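One structure is given here, and the rest of the page talks about it.
All values reported here derive from a predicted model rather than from experimental measurement.
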Amino acid sequence: QVQLVESGGGSVQAGDSLRLSCAASGRAFRNCDVGWFRQEPGKERVFVAGISYGGGATYFTDSVKGRFTISRDNAKNTVYLQMSSLQPEDTAVYYCAANTQGYYGASSFKYDYWGQGTQVTVSS
């Protein structure tokens, strides 16, 4: 079993940066691929970025390419989402998710474990 806890959200101005953290419990996390998703009020949860269990492969949705990076420190059981040049359209609740299926893509139903989310608000 893997439990995930996100942190690092907050309220910022357009152009600012934030780093989200996803801290996991359980040694199994080292074998998990991880994704970040976000959800705006009244909308579906959408994929933002993913990283393979070893950290060697990453994947981003087009809207964040060049602005967001994803990384992990398996010694700390933590995955990070570094967000730069934030825009108001990045405002959402951000969730991290993990799975042991070797998948770090955009299909949310393939993820087994989810955190509770952290709010990111970007004002213009």
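For Arg38, the salt bridge (charged side-chain N to carboxylate O under 4.0 Å, His left out) partners are Asp90, not counting sequence neighbours. Remark: Glu40 pairs with Lys43 by the salt bridge (charged side-chain N to carboxylate O under 4.0 Å, His left out) rule, at least two apart or across chains. Looking at residues two or more places apart in sequence or on another chain, you find a side chain to side chain donor-acceptor pair (under 3.5 Å) between Lys65 and Asp62.
The two residues Ala98 and Val34 make their nearest non-hydrogen contact at CB-CG2, 4.2 Å. Scanning all heavy atoms of the two residues, the minimum distance from Gln116 to Val5 falls at OE1-CA, 3.7 Å. Closest approach of Val12 and Ser17 over heavy atoms only: CG1-O, 4.5 Å. The minimum heavy-atom distance linking Thr58 with Tyr104 is given by the pair C-CE1, 4.2 Å. Shown here for Ala49 and Leu81, the closest heavy-atom pair between the two residues is CB-CD1, 4.1 Å. Taking each heavy atom of Ala14 and Gln87 in turn, the nearest pair found is CB-OE1, 4.4 Å.
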- Message: Using the rule given for side-chain contact (heavy atoms from CB on, under 4.5 Å), can you reason through Ile70 versus Val79, listing the C-alpha separation, both sets of side-chain angles and the distance that settles it, and then say yes or no?
- Response: CA-CA 7 Å; Ile70 187 171; Val79 171; 4.0 Å; yes

- Verdict with supporting geometry, Asp112 and Gln101, side-chain contact (heavy atoms from CB on, under 4.5 Å): CA-CA 9 Å; Asp112 304 309; Gln101 303 176 54; 3.4 Å; yes

Exercise. With side-chain contact (heavy atoms from CB on, under 4.5 Å) as the test, would you mind laying out the steps for Thr100 and Val2 before giving the verdict?
Key: CA-CA 10 Å; Thr100 56; Val2 175; 6.0 Å; no

Evaluate the criterion side-chain contact (heavy atoms from CB on, under 4.5 Å) for residue pair Leu86 and Phe68; output intermediate values, then yes/no.
-> CA-CA 9 Å; Leu86 284 163; Phe68 291 13; 3.9 Å; yes

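Rounded to the nearest 0.5 Å, atoms OG (Ser124) and CD (Glu89) are 10.0 Å apart. Going from atom CD of Gln119 over to atom OG1 of Thr91 covers 7.5 Å, rounded to the nearest 0.5 Å. Expressed to the nearest 0.5 Å, how far OG of Ser107 lies from CG of Asn99 amounts to 10.5 Å.
Residue pairs meeting the disulfide (SG to SG under 2.5 Å) criterion with at least one member in residues 34-83: none, sequence neighbours excluded. Identified under the ring-ring contact (aromatic ring centres under 6.0 Å, His included) test for residues 17-57, with sequence neighbours left out: Phe37-Phe47, Phe37-Tyr111, Phe37-Trp114, Phe47-Tyr59. For the disulfide (SG to SG under 2.5 Å) condition, no pair includes a residue of residues 28-67, sequence neighbours left out.
Side chain of Glu6 to main chain of Thr118: no donor-acceptor pair is present (N/O by atom type, distance under 3.5 Å, no hydrogens or angles). Between the side chain of Thr78 and the backbone N or O of Ala23, no donor-acceptor pair lies under 3.5 Å. Between the side chain of Arg72 and the backbone N or O of Ser52 there is at least one donor-acceptor pair closer than 3.5 Å.
With a 4.5 Å cut-off on side-chain heavy atoms, Val46 and Thr61 do not count as touching. Looking at Asp73 and Tyr80, their side chains come closer than 4.5 Å, going by heavy atoms from C-beta outward.
Hydrophobic cluster membership is shared by Leu18 and Phe60, with clusters built from Ile, Leu, Val, Met, Phe, Trp and Tyr side chains linked at under 4.5 angstrom. Hydrophobic clustering (side-chain heavy atoms under 4.5 Å, transitive across Ile, Leu, Val, Met, Phe, Trp, Tyr) keeps Val64 apart from Tyr95.
Other residues, nucleotides and ligands contribute at most 12 non-hydrogen atoms within 6.0 Å of the CD atom of Gln3.
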